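Since the model is a prediction, treat every value here as computed from it, not as a measurement. Every chain is numbered from 1 and lettered A, B, ... according to where its sequence line falls, protein lines coming before strand lines.
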Number of protein chains: 2
Amino acid sequence: MLPPVSTPIELPVYQPHPPERADAARNRRRILAAAERLFAERGVAQTSMDAIAAEAGVGKGTLFRRFGDRASLALAVLDEKDRQFQDALLHGPPPLGPGAPPCARLRAFGEAMLDRLEENLDLLLDAQTAAGNYLRSEPYSALWLHVRLLVQQARPDCDADYTTDVLLGALTAPVFAHQRKARGMDLDRLKAGYADLVDRLMTAPIRAGVS
Amino acid sequence: MLPPVSTPIELPVYQPHPPERADAARNRRRILAAAERLFAERGVAQTSMDAIAAEAGVGKGTLFRRFGDRASLALAVLDEKDRQFQDALLHGPPPLGPGAPPCARLRAFGEAMLDRLEENLDLLLDAQTAAGNYLRSEPYSALWLHVRLLVQQARPDCDADYTTDVLLGALTAPVFAHQRKARGMDLDRLKAGYADLVDRLMTAPIRAGVS
DNA sequence: ATCGCGAACGGACTTCGGTCCGGTTCATGG
DNA sequence: CCATGAACCGGACCGAAGTCCGTTCGCGAT
């Protein structure tokens, strides 16, 4: 039990970003602004990369140089939008922020994430549809570490890595979209379901035998 | 508590498939064979739809007419490969098949699914990377109903729909790929984690309060 | 102020998934 | 055996993602 924390291949090395050139910074801002605008006015799925480049007054090559691919751009736009969410987690008031017991924080986290999904579903779908590259992204890693820490505090006797994956897997954009749209489950039901999930995972008897 | 089973928009109507024309059937077989061959010999990701059409000696239009899109083709190929898995679930020996207690069947199901993921990861990644169209597919629905039934039997006092999503969410191709490749978790650890997940979800105290 | 270099730029180009539509083929009724 | 129309075929075509590479330009050094 309790397998070691695996840091298998590459741990997140500090990247000393050689300082960004002035025009590069300008273009990055332009691109993000253009993307945000177009996403808002005609929908994420209806917006091509060419259109964003044009709207930003920038070549396509520049766009891809800075953001790599469509999913990463979506992620970057999203990142701007919920930077506040990011540090509500770290420095905000309880129960989302520090100060509340870990279980309560996990529940609050789920609720906040579900609201976020409801709010930015298109963007999140786009960002997560790169066949798992999303799971390697920096924003996801941050969420993962956050949850993992809480899990470890609340339930030191389980495989925290795995449990974290389960909890975050339940807050995935495609799953959420399906629950919400195809099955018509409403937001409150999902919140209740998640809260119950946390409860059950965190309060279950230790290593229950077969049933 | 216990929200009603939602059958929101369209329930699966029986489609009386007007009988398939001879040439159509022949081409479908050719395409599946070609796809399987190319996937095997040069990898799923490296195989374009054009290449499959060419290998099958068939026009591109035909390919897309029969399978709709890339993900669906992957799913069809997969379906051929694990038809046996499908009915091991329904008619095979316990604990996978009927006869064992639901909890045991859920654990066996997870183990089998993980083996399946290990075996056909590329194919499954491809099939599931259609931004959630996979979740509407027939094979997925079958798995979902299977798990849902077991959940309901093992734990009649919870939101079975939601719990089912959680259990299947933990067996998703992108998550599996990330656990396996990026984090280097081995298969046994995942199996243990899933079994423990089932245990915790099914044996947790009823409606535990806050902690 | 000038120079030189490497990073940044941008748009033509390639690739590939997916659609369209005119021509062909299969199955059925006469 | 033939007429007929529905279903099917195939490849030209399209739009969008992502790459390439010759050109430009910011910026530290002289």
Side-chain angles (χ1 to χ4, degrees), chain A residues 15-32 34-35 38-39 42-77 122-123 125-134, chain B residues 15-32 34-35 38-39 42-77 122-123 125-134:
Chain A
Q15 292 191 22
H17 270 285
E20 190 178 42
R21 238 169 69 171
D23 54 347
R26 173 174 50 80
N27 282 336
R28 202 194 52 235
R29 278 193 303 271
R30 278 190 189 171
I31 290 170
L32 284 173
L38 291 183
F39 285 166
R42 80 173 73 154
V44 177
Q46 305 311 315
T47 304
S48 73
M49 296 299 266
D50 295 78
I52 294 172
E55 173 84 6
V58 144
K60 217 181 170 186
T62 302
L63 200 173
F64 278 95
R65 150 180 293 274
R66 302 223 70 75
F67 294 99
D69 60 18
R70 192 185 160 86
S72 301
L73 174 59
L75 209 60
V77 170
D122 289 355
L123 224 35
L125 271 176
D126 223 70
Q128 298 186 8
T129 303
N133 286 4
Y134 168 67
Chain B
Q15 291 189 23
H17 270 285
E20 190 179 43
R21 241 170 65 171
D23 53 347
R26 173 175 50 81
N27 281 337
R28 202 194 52 235
R29 278 193 303 272
R30 278 189 188 172
I31 290 170
L32 284 173
L38 291 184
F39 285 167
R42 79 172 73 155
V44 177
Q46 305 310 315
T47 303
S48 72
M49 296 300 266
D50 295 78
I52 295 173
E55 174 84 4
V58 144
K60 216 180 167 184
T62 302
L63 200 172
F64 278 95
R65 151 181 294 275
R66 303 223 70 75
F67 295 98
D69 60 18
R70 192 185 160 85
S72 301
L73 174 59
L75 210 60
V77 171
D122 289 355
L123 225 34
L125 271 177
D126 221 70
Q128 298 185 9
T129 303
N133 286 4
Y134 168 67

Validation row: B:Asn133, B:Gln128 side chains within 4.5 angstrom (heavy atoms): no
Does the B:Ser72 side chain pair with the main chain of B:Gly68, one donor and one acceptor, at a distance under 3.5 Å? no
From the candidates C:dC9, D:dT19, C:dG18, the one with an atom nearest any side-chain atom of B:Asp69 is C:dG18
Give me the one residue out of B:Asp122, B:Asp126, B:Ile52 that meets side chain to side chain contact (heavy atoms under 4.5 Å, CB included) with B:Phe39. B:Ile52
Under the 3.5 Å rule, do the base of C:dA27 and the side chain of B:Arg21 count as making a donor-acceptor pair? no
Judged by nearest nucleotide, the residue sitting upstream toward the 5' end of DNA chain C, B:Thr62 or B:Arg26, is B:Thr62
5'-most contact on DNA chain C (nearest-nucleotide basis), A:Gly61 vs A:Arg65, goes to A:Arg65
Write down the distance between CD (A:Glu20) and C1' (D:dC27), rounded to a whole number of angstrom. 14 Å
When rounded to whole Å, the CZ to C1' distance for the pair A:Phe64 and D:dC21 reads 17 Å
Does A:Lys60 make a side-chain donor-acceptor contact with the base of D:dA17, cut-off 3.5 Å? yes
Are the charged groups of B:Glu20 and B:Arg26 less than 4.0 angstrom apart, N to O? no
Sidechain-backbone polar pair: A:Thr62 side chain, A:Val58 backbone, donor-acceptor under 3.5 Å: no
Nucleotide C:dA8, atom P - distance to CD1 of A:Ile31 in whole Å: 12 Å
Mind calculating the distance between CG (A:Asp50) and P (D:dT19) to the nearest angstrom? 14 Å
Calculate the interatomic distance between A:Phe67 atom CZ and C:dA8 atom P; express it in whole Å. 13 Å
Whole-Å distance separating the CG atom of A:Leu73 from the P atom of D:dA16: 16 Å
Whole-Å gap separating C1' (D:dA17) and CD1 (A:Ile52): 12 Å
Using a 4.0 Å heavy-atom cut-off across all strands, classify B:Ser48 as base, sugar-phosphate, or nothing. sugar-phosphate
Kindly point out which of C:dC9, C:dT19, D:dA17 is positioned nearest to the side chain of A:Asn27? C:dC9
Contact class for B:Arg66 vs. all strands (heavy atom < 4.0 Å): base, sugar-phosphate, or nothing? sugar-phosphate
Could you tell me the separation between the CG atom of B:Asp23 and the P atom of C:dT24, rounded to a whole number of Å? 15 Å
